Structure formats: structure tokens, C-alpha cells
Amino acid sequence: MAEPTTTPSGPETSSARTGTPLVKRGLAEMLKGGVIMDVVDPAQARIAEDAGAVAVMALERVPSDIRRDGGVARMSDPEMIEGIKEVCTIPVMAKARIGHFVEAQILEALGVDYVDESEVLTPADEAHHIDKWAFTVPFVCGATNLGEALRRISEGACMIRSKGEAGTGNVVEAVRHLRSITGDIRKITQADPAELFDWAKKLQAPLPLVQEVHETGELPVPLFCAGGLAIPADAALAMQLGAQAVFVGSGIFKSDDPPARAKAIVEATTHYDDPQMLAKVSRGLGGAMPGLEIGGLETTFADRGW
Amino acid sequence: MQGAVRPHARAIEALDAEPVTVRTPDQLAGVDSLIVPGGESTTISKLLDSSGLAGPLAARLADGLPVLGTCAGMIVLASEVLDGRADQRAYGAIDLTVRRNAFGRQVDSFEADLDVTGLDDPYHAVFIRAPFVEAVGDGVEVLASVDGHPVLCRQGPVLVSAFHPELTDDLRLHELFLALAG
């Protein structure tokens with residue numbers, strides 16, 4: 001664990017330690033039951049906070065635009081991230097490319113609250129993810145299955161989000177990935193201890209983490225859902241399937257009425273198991289973002305990551 | 001509503017009391033005491049409004065409902081909030097002025113051992129983008145401080161902490177709260 005060199009406005013108390021796993025996972029605990037929204041400028045960040053988002057993800061283009069424009073997608077301009085930090089009182093996250101530890105160093109220096117090592121950006125390393133233990137800032141990573149999730153956790157990720165397929169407005173991949181992760185967790189919980197060695201081999205994941213899942217019946221870090229959520233019912237579906245919070249990207253700011261939709265998705269995430277409430281908040285939101293069939297995609301972001 | 005609900009529920013269960021999740025006015029009417037957990041205080045404040053809980057909660061608090069507020073919960077229960085949002089509610093269950101995110105951003109979040117009045121051994125506390133208390137009113141007892149800033153306070157049956165007792169296995173503060181709640 002890297003010790004920080006400075007604590008700008010932290011405590012002077014001698015026993016105080018920053019950047020510990022408990023402190024890094026702690027923020028993810030605080031985001032549970034909430035909605036993290038993609039924003040591309042300070043005006044959108046204000047709408048997100050006004051709607052009750054628990055955090056914002058600052059990026060230059062939402063995934064649907066990245067998909068449309070093509071080319072290489074990189075970390076956002078620091079000036080743009082700082083502009084969003086200035087107008088927000090809630091946590092600000094930002095994305096770094098898979099394996100691009102220097103982008104992560106820059107984001108940490110900017111004081112972002114969480115770094116998303118994200119498949120939505122073009123990967124910088126086709127074999128290695130970032131060594132996330134080396135940072136004080138916590139990381140969230142995407143996963144399509146339990147093995148991928150546990151590999152990211154072994155590299156120091158403090159939050160896992162099921163990947164889904166970002167920028168499509170199609171929830172089918174999010175459901176597939178969430179079901180795959182929670183389904184395998186259930187099977188491992190029921191497994192004989194002797195079978196855990198084979199599970200670790202099949203999942204290509206460290207044995208101690210597989211054993212921890214067996215004992216606790218859950219991931220060692222919070223499990224959130226991302227990728228393709230577009231309407232309040234999608235958020236509630238993810239929550240009922242076992243996600244502990246949701247990320248909504250293009251779904252809000254590519255719809256007809258972003259403030260109303262943002263607020264409705266926040267309320268649907270809170271009252272995810274109350275159909276009466278879900279019916280109430282789903283009314284009169286205008287058009288949702290146009291969706292895409294997964295089979296027609298040129299690039300599937302979810303396949304990025306190893 | 002939103003935030004670290006489950007870790008609190010686990011601590012309450014470990015002390016042989018029965019936790020209930022409160023998201024509606026009906027659920028609030030059925031409880032003897034309440035925990036407002038850590039989370040985002042702006043989100044919790046808005047959800048209390050949109051769920052129709054704001055009025056009933058203010059009434060129960062005025063009526064002396066025992067309540068534990070941790071981090072965001074402390075902000076929601078305070079009488080005044082600095083560095084918050086203009087539309088953020090402060091329910092005034094305890095006479096405190098709280099500064100939001102006073103210890104800084106996530107990279108400044110920390111864990112530390114605290115001396116707590118009434119506890120024999122230090123309490124290991126986890127602070128996440130934590131607030132601290134700028135000013136306390138008469139009748140508020142300060143039970144612990146960091147660098148001279150109060151971080152654990154009590155007034156009657158209201159106990160608030162800037163840190164997260166639900167993130168560690170130390171049940172002493174939950175125990176203290178259940179004793180206050182009778």
C-alpha cells in the first residue's frame with residue numbers, strides 16, 4: 001500500500017492513515033442505493049446533482065457519442081474535469097484508459113474521488129490493467145463475469161460495475177453480466193470447499209478471493225451495474241437482480257427531458273422493489289434515448305479488458 | 001433511503017435488536033428509533049422530500065425520536081449546514097453547525113484512533129469525505145474530536161458522528177445508541 005506524501009486538508013492526527021482499503025471501499029459503501037450519472041459539462045453536472053445523483057462521472061463524450069464518432073477515446077481534459085468539480089458538491093469520478101496508469105496518476109493529482117478504468121475508452125495496454133494498489137484514489141472497474149471481477153479486485157479495484165454495453169440504451173448485456181456474476185456467486189456459496197480450487201482455475205481468479213466469496217456469499221467489494229440503462233424500470237431491474245447502485249450514461253442526457261428522467265431514475269433506484277412507486281415515477285418523461293441492437297454493433301466495449 | 005444501510009442493519013442485528021428499512025411514511029411510523037446512515041446528504045435530503053418523509057420525520061424528531069446520524073446522517077440532523085446546497089434540508093434534531101466535506105475530498109479520507117468520552121479504549125474510526133462540527137449549541141455534549149473539531153456529539157437521545165461506526169466491527173457506538181434509545 002502506497003503511503004501518501006501529503007494530506008492537503010486531511011487531519012494532522014498522528015494515527016490518521018489515508019488511502020487504505022477500508023477508506024477506499026468505504027466511499028463505494030456510501031454510494032449504495034444511488035445513481036452515478038455521466039456528464040460532459042458543468043451544466044449537466046448541475047442537473048445531475050439537482051436530480052439527486054450520488055456522484056457524477058466527468059467525461060468529454062457520453063458513450064453513445066464515442067460509439068458514433070469512432071477513433072481513439074482518451075482521458076478527459078483536466079480543465080473540463082476541474083470545471084465540473086467546481087460546480088459539484090457530490091463526488092466526481094473520471095475515466096482512465098485500461099492500463100493507462102499515467103492518466104490515472106493525473107486524475108489522482110486533480111483530486112477526483114474515483115477513477116473508472118474503463119472499457120468505454122480505447123485500451124492503452126492489451127495485457128495489463130493498472131496496478132490499483134499503488135494509488136490513494138480508489139478505482140472502479142467493469143466486469144462481464146465473476147472471474148473478471150475477482151481479477152480486477154486482486155489488482156486493487158474497490159468497486160465493480162457490471163459492464164453491460166455502454167451507449168446502446170439496451171439493457172440486455174447489463175442483465176447478462178449481472179446474472180453471470182451473481183449466479184456464479186450463488187453456485188460458489190453452495191460449493192464444497194474442495195471444489196473451490198477448480199472454481200479458481202475455471203474463473204482464472206485468485207483462490208483466496210474465491211474462498212472469500214464462498215464464505216460471505218458476496219463480492220469482496222460493492223457490485224454496481226452499468227451499460228445500457230435508459231429508463232427508470234431498467235435501474236430497478238438492475239437493483240432487483242442484485243446490483244447495489246447504478247451508473248447511467250447516455251440514457252439521461254440523450255433523452256428528451258434530462259432533468260425529469262434523471263430524477264425519475266434516482267427515485268426508481270431507491271424504490272426499486274415497489275411497483276406502485278415505479279409506475280408513478282415512470283410517467284410522462286418524454287422520449288427515451290434511441291436504442292441499438294447489440295448484434296448490429298461494430299465495436300462491443302464489453303470485450304475490452306483481460 | 002440511500003447509503004450504507006446494510007452495515008448498520010448488521011450491527012443492530014449483532015446487538016439482538018431488529019432493524020427495519022425505512023423508505024415510506026408508514027415504515028417510519030412503525031419504528032422506536034432511527035438511524036440516518038452515511039451516503040450523500042444532498043441525495044438523502046431530496047429522497048426524504050420525494051418520498052413524503054420530510055414532514056413525518058420532522059414531526060417524529062420534534063417528538064423526541066431517538067436517532068443516530070453518521071456522516072451524511074449527521075448533516076441531515078444538524079441545525080445548520082455549511083458548504084452544502086441551498087435546497088438541502090437541516091432537520092435541527094441536534095444543535096450543531098456542520099461543515100460538509102470539511103476534511104477534504106476522497107484522497108483525504110482517512111482512518112484514525114479516537115479517544116471517546118465514556119469508552120475505555122480508543123475507537124478506530126473511518127472518515128469518508130467527512131464533515132466536522134464548526135459550532136455546538138448549549139446542551140450538546142462533545143464526545144470526541146479530531147484536531148480540535150468535534151466529530152462525535154450527543155444531545156438527549158440524538159447521537160451523531162462524522163465518521164462511520166458501521167464500517168468497522170466495533171459495536172460500542174451502536175450499543176451506546178441503543179442504550180440512549182432505551
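All of these numbers come straight from a predicted model, not from anything done at the bench. Chain naming here is simple, since letters A, B, ... match the order of the sequence lines and numbering starts at 1 in each.
Within the 3.5 Å criterion, the main-chain N or O of Thr270(A) finds a donor-acceptor partner in the side chain of Arg23(B). The closest donor-acceptor contact from the side chain of Arg17(A) to the backbone of Glu111(B) lies at 3.5 Å or more, if one exists at all. Of the possible polar contacts, none joining the Gln106(B) side chain to the Gly111(A) backbone as a donor-acceptor pair under 3.5 Å is found.
Contacts between Val35(A) and chain B at a heavy-atom distance below 4.5 Å are absent for every atom of the residue. Heavy-atom distances place the side chain of Gln244(A), and not its backbone, under 4.5 Å from chain B. For Ala53(A), the part sitting under 4.5 Å from any heavy atom of chain B is the backbone (N, CA, C, O) and nothing else. Ala51(A) touches chain B through its backbone: at least one of N, CA, C or O sits under 4.5 Å from a heavy atom, while the side chain does not.
When each of Val92(A), Val281(A), Val54(A) is scored by its heavy-atom pairs under 4.5 Å with chain B, the top score falls to Val54(A). Considering only heavy-atom pairs separated by less than 4.5 Å from chain A, the leading option among Ser51(B), Ala125(B), Ser109(B) is Ser109(B).
The interface of residues 28-49 of chain B with chain A, defined by heavy-atom distances below 4.5 Å, comprises Gly38(B), Gly39(B), Glu40(B), Thr42(B), Thr43(B), Lys46(B), Leu47(B).
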Item to check | side-chain contact (heavy atoms from CB on, under 4.5 Å) between Val126(B) and Arg25(A), worked out | outcome: CA-CA 11 Å; Val126(B) 184; Arg25(A) 288 178 190 183; over 6 Å; no
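The line from CD of Glu29(A) to SG of Cys71(B) is 13.0 Å long, rounded to the nearest 0.5 Å.
Thr89(A) and Arg85(B) share no donor-acceptor pair across their side chains, judged by distance under 3.5 Å alone. When only modelled atom types and interatomic distance are considered, Thr24(B) and His271(A) share no side-chain donor-acceptor pair under 3.5 Å.
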